[in-house]
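Here's the structure, in structure tokens; my notes come after.
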Amino acid sequence: MCPPTYFDVVYSINPWMDPRGHIDRALAIRQWSGLVEAYRSTGHRVDLLEPLSDMPDMVFAANGATVVDGHTLPAKFANQQRQAEAAAHADWHRRNGILYGAAAVPQPRAVNEAEGDFAILSRRILAGHGFRTSPEAHRELAVLTGRQVISLELVDPRLFHLDLALAVLDDQRDHIAYYPEAFSKPSRELLAELFPKALIANPHDAYAFGLNAVSDGLHIFIPSGARQLREDLAAAGYWPISVDLSELIKGGGSVKCCTQEIRPALVGSQRTNAPSGQASILVSTVGPQQSAGATS
């Protein structure tokens, strides 16, 4: 995580950002600190990335890198305003990767905004495209991790990252929540087929950043504006913990956006990448030669 020491809205690269508005940085820091305390009070470790004075969006650390089984894919940002953040994240992982069993940290080839568009399940990865992360990055992550990557097309500009439209609730049981209207019709059909027990968010909760949540399989740290989803989570046996990040939402992010999750290498696992010919991409586009659910 990265403190919002220099958080501000001085440009607009998503529909939530209005440079004409007022940012209360002191409030942003208090709210962010409350999220850090919530994590630590439930037994989670939080490591910090040093903020840079000319990078006002660095607080949204989820966009900086993706770590799966110790494999690290740094970000390559779509917007020029954030591109310098990528080097800071990559440097952090090169210095600290020994703590989670990392191999070498590669240079990314395709545009990807990391956990903004990559959601990690038990054996597969859900990957968004349409606004930021390119479909080519889906294959790059599949090759790096050896996991199947399921490509999903985002169509709502307000929900421009996958982590605004879908949340992983339990990565052992592959239980998710999502807002169907954030996805193209083929992607909605694929999600309904693959995840019939998913929780479905309503429009209010989706636009209140309710799906921009972090879960450890029991505690779910969820933006405080999501009302019905919080009740649905409790009914499903989870322990929702409401977090108010209203000031940071002015920048287009909330709980998940502030949180880059580190998934260490498995003890005794084989640390080899999948050959490119074995990378598996499950796509949600329907064409004359390929139906939804086909692999390539």
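In this chain, numbering begins with 1 at the start of the sequence shown.
The line from CD of Glu153 to CZ of Arg188 is 10.5 Å long, rounded to the nearest 0.5 Å. In this structure, SG in Cys258 is found 5.0 Å from CG in Leu248, a value given to the nearest 0.5 Å. Put simply, CG on Asp174 and OG on Ser122 are 3.5 Å apart, with the number rounded to the nearest 0.5 Å.
A donor-acceptor pair under 3.5 Å links the side-chain atoms of Asn112 to the main chain of Pro74, judged by distance alone. Using modelled atom types, one side-chain atom of Asp205 and one backbone atom of Leu229 make a donor-acceptor pair closer than 3.5 Å. Using a distance-only test at 3.5 Å, with no hydrogens or angles considered, a donor-acceptor pair links the side chain of Asp170 to the main chain of Gln172.
Looking at Asp117 and His129, their side chains never bring a donor and an acceptor atom within 3.5 Å of each other. The closest side-chain donor-acceptor pair between Gln260 and His93 falls under 3.5 angstrom. Side chains of Asn79 and Gln83: a donor-acceptor N/O pair is absent below 3.5 angstrom, by distance only. For the residue pair Tyr39/His219, the side-chain donor-acceptor check at 3.5 Å is not satisfied.
Within the 4.5 Å cutoff, the side chain of Leu211 has heavy atoms near those of the Tyr179 side chain. Side-chain atoms of His89 and Leu49, non-hydrogen and from C-beta on, do get closer than 4.5 Å to each other.
Within the cation-pi definition used here (under 6.0 Å to the ring centroid, within 45° of the axis), Arg158 qualifies as a partner of Tyr207.
In this structure, Glu247 does not pair ionically with Arg30, as no charged nitrogen and carboxylate oxygen lie closer than 4.0 Å.
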Show your working on side-chain hydrogen bond (donor to acceptor under 3.5 Å, both in side chains) between Ser151 and His138 and close with a plain yes or no.
-> CA-CA 7 Å; Ser151 294; His138 298 183; 2.6 Å; yes
